[in-house]
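In what follows, a structure is listed as structure tokens, so that the remarks can point back to it.
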Amino acid sequence: MEKDHERAAWVQGLIKGFICDSPENTLKDSSDERAFDEPIVGFSNGADPLYEEFKDHVGPFCWTPSEIFSKTFPGTKVEPRDLTVISWILPQTGATKGDNRAQSLYPAERWARARIFGEEVNVKLRRFLVEALSAKGHETVAPLLSPEWEVRRSERFVFSSTWSERHAAHASGLGTFGLCDGLITPKGKAMRAGSAVSRIKIPPTERPYRDHHAYCLFFTKGICGKCIKRCPVGAITEKGHDKVKCLGHLKPVTEDFVKSNYGFDGYGCGLCQTGVPCESKIPTKEDV
Ligand code: SF4
Ligand code: SF4
């Protein structure tokens with residue numbers, strides 16, 4: 001019988017193989033440059049109490065793993081502990097980060113491509129993983145591909161959604177939140193995240209933190225705040241991230257810019273994710 005660690009290695013291999021070896025990992029530019037570097041993968045159990053805590057913290061509309069699993073597979077009886085959340089981080093490439101670091105108002109072309117075509121890669125990875133696991137008898141759903149996934153109003157966060165990739169990554173040991181709301185991972189904050197919920201037994205990844213802000217220097221040491229200065233519209237302050245201001249810059253401002261300067265329908269910013277100490281690593285005070 002397959003052992004837990006063999007299943008974990010198999011799933012990690014599927015995700016890493018898709019990103020590292022597949023032609024699907026592309027920015028869709030003239031040279032089909034790759035969109036993302038090698039991913040990191042984490043796991044959390046479906047019965048992890050953090051998923052219930054997200055309901056209190058973000059909103060009661062947040063799905064637990066078993067809620068989205070049961071919506072998708074109403075005929076399959078499972079206990080929450082029988083489910084595993086598989087989470088992955090797709091790090092932006094050095095070229096994309098370097099280009100965006102040099103920007104002060106609009107996104108670099110590579111960044112805008114990673115936002116649109118890179119997310120298409122992420123969608124394909126979700127589908128690929130669902131198919132590969134299902135083919136081996138593990139019913140699997142990628143919550144963001146569910147027709148029931150939606151953005152909701154949140155009293156505390158203005159708007160949020162029924163499933164957050166960053167929260168799943170946090171529960172799966174992959175990172176903690178920064179002042180700007182981004183998730184700081186061992187590969188930094190300049191990344192995109194994805195996840196799937198599967199009826200498969202895999203041991204959870206250790207969470208090397210207790211506090212959800214443990215990797216952000218502003219919360220732990222009262223220093224840094226570099227993301228505040230990077231934001232061109234003042235959407236980040238010592239009080240946190242103003243989503244309404246941020247969204248107002250993304251659309252229509254960067255949307256218009258991307259269309260007229262890069263020639264495709266897109267948008268993006270990510271200035272607070274680049275040119276900051278947490279861009280590519282868990283920062284230390286020496287990085288400030
Ligand atoms: S730039 Fe500094 S303050 Fe902002 S999220 Fe990163 S570590 Fe925290
Ligand atoms: S994404 Fe851009 S507009 Fe939004 S908070 Fe970050 S720097 Fe500011």
Side-chain angles (χ1 to χ4, degrees), residues 40 89-92 96-116 118-119 122 151 154 156-161 164-167 169-170 174-193 208-259 261-262 266-288:
I40 48 174
I89 300 298
L90 305 179
Q92 301 280 5
T96 298
K97 290 186 287 195
D99 283 1
N100 221 46
R101 224 177 278 143
Q103 299 296 315
S104 56
L105 182 56
Y106 298 114
E109 179 171 353
R110 278 193 174 96
W111 189 275
R113 285 186 174 275
R115 177 66 190 81
I116 303 305
E119 187 50 31
N122 203 5
V151 173
S154 158
R156 188 161 175 188
F157 296 99
V158 187
F159 47 86
S160 199
S161 62
S164 155
E165 300 292 30
R166 287 175 305 124
H167 283 74
H170 173 66
L174 293 176
T176 77
F177 296 89
L179 182 63
C180 65
D181 269 357
L183 193 81
I184 304 173
T185 78
K187 297 264 184 153
K189 196 170 63 177
M191 57 82 192
R192 296 200 65 77
Y209 40 79
R210 298 186 79 136
D211 186 277
H212 67 288
H213 285 137
Y215 295 161
C216 175
L217 298 168
F218 178 82
F219 292 106
T220 56
K221 306 219 173 336
I223 57 172
C224 189
K226 294 270 167 91
C227 49
I228 297 175
K229 297 191 195 91
R230 281 290 282 156
C231 180
V233 293
I236 307 171
T237 65
E238 296 199 345
K239 291 193 178 129
H241 177 221
D242 182 331
K243 284 188 179 177
V244 175
K245 265 191 190 170
C246 174
L247 190 62
H249 181 58
L250 288 176
K251 295 179 180 184
V253 181
T254 72
E255 198 172 35
D256 292 345
F257 177 84
V258 168
K259 179 83 178 166
N261 289 274
Y262 304 148
Y267 61 93
C269 175
L271 296 187
C272 57
Q273 293 175 48
T274 49
V276 290
C278 56
E279 174 199 278
S280 302
K281 64 188 283 248
I282 298 166
T284 65
K285 61 182 188 331
E286 285 72 33
D287 297 314
V288 176

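Counting convention: from 1, in listed order, for ligands and their atoms alike.
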Report, in ascending order of atom number, the atoms of ligand 2 lying under 4.0 Å from any heavy atom of His241.
5 (S)

Test item, Arg230 contacting ligand 1 (heavy atom, 4.0 angstrom):
no

Under 4.0 Å from one or more heavy atoms of Cys269, ligand 2 contributes atoms 1 (S), 2 (Fe), 3 (S), 7 (S)

Does any N or O in the side chain of Arg110 come within less than 3.5 Å of the main-chain N or O of Asn100, such that one atom is a donor and the other an acceptor?
no

Between the side chain of Thr254 and the main-chain N/O of Cys269, is any donor-acceptor distance below 3.5 Å?
no

Note the single closest protein heavy atom to atom 7 (S) of ligand 2, along with its residue, its atom name and the distance in Å.
Cys272 N, 3.4 Å

Kindly indicate whether the side chain of Ile236, heavy atoms from C-beta on, has any atom under 4.5 Å from the side chain of Leu179.
yes

Protein heavy-atom partner closest to atom 8 (Fe) of ligand 2 - residue, atom, separation in Å
Cys231 SG, 2.4 Å

Number the atoms of ligand 1 from 1 as they appear, then name those within less than 4.0 Å of a heavy atom of Leu179, with their elements.
5 (S)

Residue of the set Arg101, Lys97, Lys189, Gln273 for which side chain to side chain donor-acceptor pair (under 3.5 Å) holds with Glu279:
Arg101

Numbered atoms of ligand 1 (with element) below 4.0 Å of Cys227, judged on heavy atoms:
1 (S), 3 (S), 4 (Fe), 5 (S)

Spacing of Glu165 atom CD and Leu174 atom CG [to the nearest 0.5 Å]:
11.5 Å

Where ligand 2 meets Ile236 - atom numbers and elements under 4.0 angstrom, heavy-atom basis
5 (S)

Those atoms of ligand 1 less than 4.0 Å from some heavy atom in Lys189
5 (S), 6 (Fe)

Strictly distance-based, threshold 3.5 Å: is any side-chain N or O of His249 a donor or acceptor partner for the main-chain N or O of Leu105?
yes

Strictly distance-based, threshold 3.5 Å: is any side-chain N or O of Arg192 a donor or acceptor partner for the main-chain N or O of Leu90?
no

Taking both backbone and side-chain atoms into account, decide whether Cys246 has an N/O/S atom under 2.8 Å from atom 6 (Fe) of ligand 2.
no

Who gets closest to atom 6 (Fe) of ligand 1 by heavy atom: Cys278, Gly178, Pro283, Gly225?
Cys278

Using 2.8 Å as the threshold, say whether any N, O or S atom from Cys216 sits that close to atom 8 (Fe) of ligand 1.
yes

Tyr267 vs Phe257, side-chain contact (heavy atoms from CB on, under 4.5 Å): CA-CA, chis, key distance, verdict:
CA-CA 8 Å; Tyr267 61 93; Phe257 177 84; over 6 Å; no

Which atoms of ligand 2 sit under 4.0 Å from any heavy atom of Pro232?
7 (S)

Give the numbers and elements of all ligand 1 atoms closer than 4.0 Å to a heavy atom of Val276.
1 (S)

Under 3.5 Å, side chain of Tyr209 to main-chain N/O of Gly175, donor-acceptor pair present?
yes

Checking a contact table here: which protein heavy atom is nearest atom 2 (Fe) of ligand 1, and how many Å away?
Cys224 SG, 2.2 Å

At their closest point, which heavy atom of Gly178 faces which heavy atom of Cys216, and how far apart are they?
CA-CB, 3.8 Å

By number and element, which atoms of ligand 1 are closer than 4.0 Å to a non-hydrogen atom of Phe218?
3 (S)

